[in-house]
Visitor: 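Have a look at the structure that comes next, please.
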Amino acid sequence: MEHDDTPHCGCGTTRHDRNAVPYCDYSTLGVLYLLWGGTVVPKRVRFGCVLCGKEFDRVTDRAETRAFV
């Protein structure tokens with residue numbers, strides 16, 4: 001396994017691995033817009049590991065969160 005500065009959990013999962021699960025957080029108005037059937041860019045995306053259950057990374061940059069629409 002390569003060692004770099006990519007955030008990872010204790011078992012080595014990074015946000016690009018199959019065992020990483022993205023959790024999108026939306027603003028209150030964003031949630032309402034989603035309920036009306038709109039498409040909303042999340043304000044934050046958190047990444048958790050399926051294997052160990054820990055949250056290991058968080059993204060708030062609008063350009064990066066746009067990938068999780």
Side-chain angles (χ1 to χ4, degrees):
M1 180 162 94
E2 293 180 21
H3 183 47
D4 55 17
D5 293 337
T6 305
H8 60 279
C9 67
C11 61
T13 301
T14 66
R15 74 168 86 159
H16 303 290
D17 290 334
R18 171 178 248 172
N19 294 323
V21 178
Y23 299 102
C24 298
D25 297 328
Y26 300 97
S27 66
T28 304
L29 290 175
V31 170
L32 291 174
Y33 194 65
L34 280 171
L35 291 173
W36 289 326
T39 303
V40 181
V41 176
K43 70 176 188 175
R44 177 179 48 236
V45 179
R46 298 175 289 123
F47 294 91
C49 178
V50 173
L51 300 175
C52 67
K54 304 239 190 248
E55 182 181 314
F56 60 88
D57 196 6
R58 179 176 301 198
V59 176
T60 56
D61 181 49
R62 186 137 174 104
E64 290 186 52
T65 59
R66 190 175 297 274
F68 295 93
V69 170

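Keep in mind that what you see is a predicted model, and the values were worked out from it rather than measured.
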Visitor: So, taking the atom named SG in Cys9 and the one named CG in Leu51, what distance separates them when rounded to the nearest 0.5 Å?
Guide: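 Cys9 atom SG to Leu51 atom CG measures 7.0 Å (nearest 0.5 Å).
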Visitor: Which heavy atom in Val31 sits nearest to a heavy atom in Tyr26, and how many Å separate them?
Guide: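 Here Val31 and Tyr26 meet closest at CG2-CB, 3.8 Å.
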Visitor: Using a side-chain heavy atom cutoff under 4.5 Å and only I, L, V, M, F, W and Y, what cluster partners does Phe68 have?
Guide: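 Result for Phe68 is Val45, Phe47, Phe56, Val59.
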Visitor: Once salt bridge (Lys or Arg N to Asp or Glu O under 4.0 Å) is applied, what residue pairs with a partner in residues 21-50 remain, sequence neighbours excluded?
Guide: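 The answer is Asp25-Arg44, Asp25-Arg46, Arg46-Glu55.
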Visitor: Can you tell me how far CG of Asn19 sits from OG1 of Thr14, rounded to the nearest 0.5 angstrom?
Guide: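 The CG atom of Asn19 is 10.0 Å from OG1 of Thr14, to the nearest 0.5 Å.
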Visitor: With a cutoff of under 4.5 Å between side-chain heavy atoms, which Ile, Leu, Val, Met, Phe, Trp and Tyr residues group with Val41?
Guide: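 Under the 4.5 Å side-chain rule, Val41 groups with Val69.
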Visitor: For the residue pair Gly12 and Asp17, what are the closest heavy atoms and their distance?
Guide: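 Scanning both residues completely, I find the closest heavy atoms to be O-OD2, 3.7 Å.
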Visitor: Please report the interatomic distance CG(Leu32) to OG(Ser27), rounded to the nearest 0.5 Å.
Guide: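 If we round to the nearest 0.5 Å, Leu32:CG and Ser27:OG are 8.5 Å apart.
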